[in-house]
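Here it is, the structure, as structure tokens.
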There are 2 protein chains.
Amino acid sequence: MSRTRVVDAGETILAEHGEASVVGNVIAGVMRMTKTLLDGRQQIVGLVYPGEFFGRPYSETTEFAYEAATDVEICVIDRRAFESVLARHPELEHALLLTTLSELAFARERSLLLGCQNTLERVASYLLVMLERRRQLLSGAALESHKLVAVSAISRRDLAGYLGTTIETISRHVHYLSRRGVIRIINASHFEVLDRDELLALSGLAQDDLKLFGAVRVVAMPFGRPVLTIINGAARSEDRVF
Amino acid sequence: MSRTRVVDAGETILAEHGEASVVGNVIAGVMRMTKTLLDGRQQIVGLVYPGEFFGRPYSETTEFAYEAATDVEICVIDRRAFESVLARHPELEHALLLTTLSELAFARERSLLLGCQNTLERVASYLLVMLERRRQLLSGAALESHKLVAVSAISRRDLAGYLGTTIETISRHVHYLSRRGVIRIINASHFEVLDRDELLALSGLAQDDLKLFGAVRVVAMPFGRPVLTIINGAARSEDRVF
DNA sequence: CGCTCATTTGACAGAAATCAAAAGCGGTGG
DNA sequence: CCACCGCTTTTGATTTCTGTCAAATGAGCG
């Protein structure tokens, strides 16, 4: 029922306001979800990481575009076929509900970021999230606590689009954090976090706000080759529903 | 299993990062969902209108506060009791999934508003949404097309919090729209839209973006007294699942 | 009628976008 | 191995938008 596709960076998988023909999940690489204003201004409303679900079930059309932010390997299935699988497997539909509820909480968390954090706070928040993501991917044992490296998988341009700012502003703030000794710049996409507490303070977020990033974000789907499944922050590999 | 409560404007129904003890739906009035930064800055991440569902199923804690933006009448049920109802009624869980998917699309639409629309565009977008909401509530026959009145149910302060701006900025833009003849100010919360096309142009949104506001937002829950149920823009009253 | 609170209007300041130029980085080919 | 080219990132100067502070006006209400 499903098939694997490799898509080059920049290619569109589903167009904005187009037919919601397929759903699927990302195997490798990162997808971006974008919305565009009439004059061309564009906002990245979400990023889809390996193991995560993408697409729009139960709708004929998409609300935003799904594009490859990096070269991606994805597994796709016809949307209607997927819906009929869900109808036959309530436990899978339940899993999708849990994922969607988490995504919703996450999307609303982003309202806080875009609505009332300044750009320095946004950069700090992003670094904290990248750090958290990395800590989850590496299992507890493999993670040396003194090597707190935040890795940004996407281009600076996409990062700016995601944080609702510009590449210039991000550059300035990253270097400001470096000068203050909060981070060490390894290269344009790798940052060693020297003072996580300070970064948290600079983000303006409450400790509890970061818990959100450890929630269920991945739902193992009944198709595709095994992907990393993350459930409540505990990483397990090689999970497969069917 | 459920009970009706009346809550005064300003009261908190569920606290941020508190126990997600109950879920429910709004019968009358408007609730706001808020998140607060450590220094007190606050963002309204969502509004809950009559007939709409609120609360956080399948989580022990809330990600944001639910407060009464106006005096509200709500119907509440213990969260765990609700979850067990869902477990026994897959069709209800399915309905909740559809609602959650729509809410998610809506939350992401708001990322566009907060991330790359200027404050005038946000005000224009809000007026268009209020107009759309009103057109849906009034059935086709009752709606005189030449009376395009956008009604804001919430205080100016809450509106500012929702649009990620200030009351002063909103005031300036509303009066600018009035001077340009795009709207007529009836009073602080009622605006007659004189030129909907111009408002749409000023919002920067594509026509299709507004369709989103006509999607399923209400799920009839198996408790509470009958509420107005809106399904795909068609208003029906007195619907009840049980 | 006067009180309180919300809204409007004005002046000003600060944050961040924009525009422009320089520097850095990576790949290619001589 | 090094020079060259194109692209991304960084840095600087300037402008614009919008938030902040403060005062005036208006609406609602006892």
Side-chain angles (χ1 to χ4, degrees), chain A residues 8-10 37 39-44 69-71 113-127 151-180 183-191 202-204, chain B residues 8-10 37 39-44 69-71 113-127 151-180 183-191 202-204:
Chain A
D8 290 342
L37 292 174
D39 67 358
R41 270 173 297 167
Q42 198 170 57
Q43 175 68 30
I44 296 181
T70 65
D71 291 346
L113 182 133
L114 295 171
C116 65
Q117 283 183 284
N118 62 38
T119 51
L120 175 59
E121 292 169 328
R122 296 182 203 183
V123 171
S125 299
Y126 182 77
L127 288 172
V151 180
S152 177
I154 56 175
S155 75
R156 255 324 209 278
R157 185 160 305 279
D158 281 345
L159 179 52
Y162 187 57
L163 297 183
T165 180
T166 60
I167 52 176
E168 293 95 329
T169 297
I170 289 174
S171 177
R172 285 182 236 274
H173 289 322
V174 164
H175 284 264
Y176 167 76
L177 291 173
S178 173
R179 276 199 307 280
R180 282 202 38 177
I183 64 171
R184 184 173 70 83
I185 300 171
I186 299 168
N187 62 44
S189 60
H190 292 69
F191 312 92
L202 284 170
S203 75
Chain B
D8 291 341
L37 292 173
D39 68 358
R41 271 172 296 168
Q42 199 170 57
Q43 174 68 30
I44 295 181
T70 66
D71 291 346
L113 182 134
L114 296 170
C116 66
Q117 282 184 285
N118 62 38
T119 51
L120 175 60
E121 292 169 329
R122 297 182 203 183
V123 170
S125 299
Y126 181 77
L127 289 172
V151 179
S152 177
I154 57 175
S155 74
R156 257 318 212 279
R157 185 160 305 280
D158 281 345
L159 178 53
Y162 187 57
L163 297 183
T165 181
T166 60
I167 52 175
E168 294 95 330
T169 297
I170 289 175
S171 177
R172 284 182 238 274
H173 289 322
V174 164
H175 285 264
Y176 167 77
L177 291 173
S178 173
R179 275 199 308 280
R180 282 202 37 179
I183 63 172
R184 184 173 69 83
I185 301 171
I186 299 168
N187 61 44
S189 61
H190 291 70
F191 311 92
L202 284 170
S203 76

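Naming: A, B, ... by sequence-line order, numbering from 1 per chain.
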* Under 4.0 Å between any heavy atoms, over every strand shown, what does B:Asn187 touch: base, sugar-phosphate, or nothing? Just pick one. => nothing
* Bend angle of the helix from C:dC1-D:dG30 to C:dG30-D:dC1 from five-pair axes at both ends, rounded to 10°? ->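 Between the first-five-pair axis and the last-five-pair axis there is 30°.
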* To do: Answer with yes or no whether the side chains of B:Tyr176 and B:Arg180 bring together a donor and an acceptor at under 3.5 Å.
  =>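 B:Tyr176 and B:Arg180 do have a side-chain donor-acceptor pair below 3.5 Å.
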* Asked: By side-chain hydrogen bond (donor to acceptor under 3.5 Å, both in side chains), which residues pair with B:Ser171, not counting sequence neighbours?
  -> none
* Can you list the residues that meet the side-chain hydrogen bond (donor to acceptor under 3.5 Å, both in side chains) rule with B:His175, with sequence neighbours excluded? -> none
* Considering only heavy atoms from C-beta outward, does the side chain of A:Leu177 approach that of A:Leu202 to under 4.5 Å? ->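 In contact.
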* What is the distance from atom CG of B:Leu113 to atom CG of B:Asn118, rounded to the nearest 0.5 Å? -> 10.0 Å
Might you list the N or O atoms of the protein lying below 3.5 Å from N or O atoms in nucleotides 28-30 of chain D, with each pair's distance?
none

* B:Glu121 CD - D:dC17 C1' separation (whole Å) -> 12 Å
* Can you name the closest pair of heavy atoms from A:Leu114 and A:Arg122 and give their distance? ->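 Closest approach of A:Leu114 to A:Arg122, heavy atoms only: O-NH2, 3.4 Å.
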* To do: Look at the side chain of B:Gln117 and the backbone N and O of B:Ser203, then say whether any donor-acceptor pair between them is shorter than 3.5 Å.
  => yes
* **Range on DNA chain C touched by chain A, heavy atoms, distance below 4.0 Å** => C:dA16 to C:dC19
* Structure fact -> Atom CG of B:Leu114 and atom P of D:dT18 are separated, to the nearest Å, by 13 Å
* Could you state the interatomic distance from OG1 (A:Thr70) to CG (A:Asp8), rounded to the nearest 0.5 Å? ->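 It is 10.5 Å, given to the nearest 0.5 Å.
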* Which atom of A:His173 lies closest to which atom of A:Thr119, heavy atoms considered ->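 Closest pair (atom of A:His173, atom of A:Thr119, distance): NE2-OG1, 2.7 Å.
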* To do: Without swapping roles, check the side chain of B:Ser125 against the backbone of B:Glu121 for a donor-acceptor pair under 3.5 Å.
  => yes
* To do: List in numerical order all residues of residues 164-175 of chain A for which some heavy atom is under 4.0 Å away from an atom belonging to DNA chain C.
  => A:Gly164, A:Thr165, A:Thr166, A:Glu168, A:Thr169, A:Arg172
* **Spacing of A:Gln117 atom CD relative to D:dG19 atom P, expressed in whole Å** => 16 Å
* So, the side chain of B:Gln43 versus the backbone of B:Gly161: is there a donor-acceptor pair under 3.5 Å, distance only? -> yes
